[in-house]
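In what follows, a single structure is set out as structure tokens and then discussed.
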Protein chains: 4
Amino acid sequence: MVKAHAPTSDKYDRILSAAVKIFAQKGFFHARISEIAKEAKVADGTIYLYFENKDDILISLFEDQMDQVLANMKLAVAREDDALDKIRCFALTHLRMVESHPDLAEVIQVELRQSSKFMKEYKNVKFLDYLDLVGQIIREGQAAGQIRFDLSPTVAKRAFFGALDEMSRYYVLSPSPKVSIDEAAHQISEVFIRGIAA
Amino acid sequence: MVKAHAPTSDKYDRILSAAVKIFAQKGFFHARISEIAKEAKVADGTIYLYFENKDDILISLFEDQMDQVLANMKLAVAREDDALDKIRCFALTHLRMVESHPDLAEVIQVELRQSSKFMKEYKNVKFLDYLDLVGQIIREGQAAGQIRFDLSPTVAKRAFFGALDEMSRYYVLSPSPKVSIDEAAHQISEVFIRGIAA
Amino acid sequence: MVKAHAPTSDKYDRILSAAVKIFAQKGFFHARISEIAKEAKVADGTIYLYFENKDDILISLFEDQMDQVLANMKLAVAREDDALDKIRCFALTHLRMVESHPDLAEVIQVELRQSSKFMKEYKNVKFLDYLDLVGQIIREGQAAGQIRFDLSPTVAKRAFFGALDEMSRYYVLSPSPKVSIDEAAHQISEVFIRGIAA
Amino acid sequence: MVKAHAPTSDKYDRILSAAVKIFAQKGFFHARISEIAKEAKVADGTIYLYFENKDDILISLFEDQMDQVLANMKLAVAREDDALDKIRCFALTHLRMVESHPDLAEVIQVELRQSSKFMKEYKNVKFLDYLDLVGQIIREGQAAGQIRFDLSPTVAKRAFFGALDEMSRYYVLSPSPKVSIDEAAHQISEVFIRGIAA
DNA sequence: GATGAATGAGGGTTCATTCAT
DNA sequence: AATGAATGAACCCTCATTCAT
């Protein structure tokens, strides 16, 4: 069922913003629809005019935000010509997004990789697109002779993303991180680049 | 509260094993106590003789299994003398454990990093110990002059673990992986070693 | 926590009435929320829109009804000028209320004096107010020289109330009482009045 | 089912004593069998060798204790020749028993008049016997011309017992009573005697 | 569209009772 | 007789979802 809603209303966005906040605070399962409604200043029932059910809020949130994250990252990476610079750029942009949107980062980090509901049944296309940005850069670098040919892009893109992601978890969950975002991005991209260089 | 139970009974282990299976299948929140009880072939109430509540099952499971994982990894790594070989060993051992205990790996992967309950309120000491095994190896390699001194062990250990962990997620959730466990372990450890080498 | 509910709805009263009936029938502990809900023709969950929990139903019931009982008794007693007539009036009014509201009388008789929950932790102010109506009458009669001065109002008010209360228990629990309400009220008040007269 | 138990064992009494204590503390419904067992220093299951079920503990307790109370009261009252002195003696003995066995008094006061289980289904013969001791005294006094003939023993015995009982509740539940037991007994019996005197 | 009172299915947990030892 | 681990029926309460207004 496609939910109709007037584009003039900002309720859809208000609900999603509220959901990000509450999900980050309590976790998806402990978050209450009534709490999201209260935070969004709408009635409980109103949420069901914009979303099918509770799951749909999380998925919509993810899809919506991943569109922006993806667009943002593509734009940032496109500014660099060199594959290795693109990798540096990816790391920095990724961690800076985490820093500037901690609630969203936490929800994506923590809630979205949880439970069969969202990682098995729900085909996480947006996430795979995001992951493949790294894969493209690697293949580009291989084509340019900068990156070893015996490196599997499938493995390498996950290794790189995983490194950044684990670092994100550190920032999301750690009250007082000891290393700056920029320094972490620098260290991770340098290790990776040396590791994959031809 | 320490729950009394005869050491001769295997119910504690039966319940934990059942829980691993059901949690992996349905996710923690969708898992039903009655289902775990049925799988463990005990009455619902019996579970509460061994565990405080549902949360306690997950935490006990984690603590119990992490003890074994930790011991296993320490043993494996101790067989190598060279820091770089230890890193190779860690990667291979980690991914092989994931391969041989897919249910457990999935639960740890997916459930335990979820929700404030388990990553914020619950001090995940065992996980930090595990993570620090990598940190120790790195400091050892730095002392031996094999690893760059300008590398932050804090960042590097997370980068390495994150790479392995993201690869684990791939194996846990992917129905038909395209790269072998051993090959993935090899690629990840080689990229990392080149990346951090002095 | 004050439970919100539209004043136009009669659900609050319907639930209380149902509760009186079920509590009288089964006793508080054997009464089931679902049974009260069914009797009140509301859903189980609806009860929790009007009451915090099962205990709260009993306490609300008591507070609500005692307000009415208290008001009713004050009104009745105020019609008499003479202290001794007030005592006669109190006895008659009390037992007639018991007769006309047997379910409520039984609940108050039996449930409310039960268990630390309601007689120790719960400060039963309304009941003490009711009891003190008798105390006031006695002090009034002492001031008028009709009642002995060496009589302790503290003891006397309890003696009088206890006499009526035990008689109430008889009516509440006895299937076929042998003495009429009015005759019992008469006998009790006359014994008491002679007993306390100057 | 009649429960057999060796008269050499004191477990039966230990369980009843424990039950009195726990029932007084928590109330019948909040009392846990396991708690009574612990207090009596027997295993949970042992209780079921001596009692049919939880209800049976309370009833046995009541029957057992009422036998003693009844015997005690009969003995005390038999020492007096005069009906009016017997009334004085009854009041004093009753309140002194309450004072010296507060736990038991509380259980009888509070638990035993609760719930249909014990006041409707369970024919409370012992209590009626106790109540009728007063009835007998009154009839005796009427025969001796000391007590009015137009007084209904049915009403009068309840009035007198109710007065004492309400006073007991005061002592049982009040942390610091303002009137002494002996004074209360004196006042109540004097009021009653004057009230019923020919 | 918007509301929020009402719904009622569902499940974690308790605890009286049983029974193998 | 005594034990206490095990049982499983029973129930209060929560909360996602609905629908009359």
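Predicted, not measured: the structure shown is a model, and the values here were computed from it. So you know, we letter chains A, B, ... as the sequences are listed, proteins then strands, and number each from 1.
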May I have the distance from [X] (atom [atom1]) to [N] (atom [atom2]), rounded to whole angstrom?
| X | N | atom1 | atom2 | answer |
| --- | --- | --- | --- | --- |
| D/Leu58 | E/dA16 | CG | P | 13 Å |
| D/Lys38 | F/dA5 | NZ | P | 13 Å |
| D/Asp10 | F/dA2 | CG | C1' | 14 Å |
| D/His30 | E/dT14 | NE2 | P | 14 Å |
| C/Ile47 | F/dC15 | CD1 | P | 18 Å |
| C/Lys41 | E/dA6 | NZ | C1' | 17 Å |
| A/Lys26 | F/dT14 | NZ | P | 14 Å |
| C/Leu49 | E/dT7 | CG | P | 8 Å |

Problem - Atom pair CD1 (D/Ile33) and NZ (D/Lys38), whose distance is rounded to the nearest 0.5 Å - result: 15.0 Å
Exercise for the section: State whether D/Lys26 and D/Glu35 are salt-bridged, where the test is any N-O pair (Lys NZ or Arg NE/NH1/NH2 against Asp/Glu carboxylate O) under 4.0 Å. Expected result: yes
Exercise for the section: Check every atom of F/dT7, E/dA6, F/dA2 against the side chain of C/Tyr50 and return the nucleotide holding the closest atom. Expected result: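 Given the options F/dT7, E/dA6, F/dA2, the side chain of C/Tyr50 is closest to E/dA6.
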What are the atom names and distances for every N/O pair under 3.5 Å that joins the protein to nucleotides 10-13 of chain E?
from	atom 1	to	atom 2	distance (Å)
E/dG11	OP1	B/Arg32	NE	3.1
E/dG11	O5'	B/Arg32	NE	3.2
E/dG12	OP1	B/Arg32	NH1	2.9
E/dG12	OP2	B/Ile33	N	3.0
E/dT13	OP2	B/Tyr48	OH	2.6
E/dT13	OP2	B/Lys54	N	3.2

Handout entry: Contact check, side chains of A/His30 and A/Arg32, non-hydrogen atoms, under 4.5 Å
Key =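 They are in side-chain contact.
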Exercise for the section: State whether B/Lys11 places a side-chain N or O below 4.0 Å from either non-bridging phosphate oxygen (OP1 or OP2) of F/dA6. Expected result: yes
Exercise for the section: Under 3.5 Å for both distances, Watson-Crick or G-U wobble, that's the pair rule; now give the dot-bracket for DNA chain E, with | marking pairs to another strand and [ ] for crossing ones. Expected result: .||||||||||||||||||||
Exercise for the section: State yes or no: are the ring centers of D/Phe29 and C/Phe28 separated by less than 6.0 Å? Expected result: no
Distance-only check: which donor-acceptor pairs under 3.5 Å involve side-chain atoms of residues 57-67 of chain A, not counting sequence neighbours?
from	atom 1	to	atom 2	distance (Å)
A/Ser60	OG	A/Asp56	O	2.7
A/Ser60	OG	A/Asp56	OD1	3.3
A/Glu63	OE1	A/Lys126	NZ	3.2
A/Glu63	OE2	A/Tyr122	OH	2.4
A/Asp67	OD1	A/Lys126	NZ	3.2

Using modelled atom types only, decide if a donor and an acceptor are shared between the side chain of [X] and the backbone of [Y] within a distance under 3.5 Å.
| X | Y | answer |
| --- | --- | --- |
| D/Arg14 | D/Lys41 | yes |
| C/Thr46 | C/Val42 | no |
| D/Lys54 | D/Ala31 | yes |

Fill in the blank from the handout: Checking A/Ile15, A/Leu16, A/Val20 against A/Ile36 for side-chain contact (heavy atoms from CB on, under 4.5 Å), the one that qualifies is A/Ile15
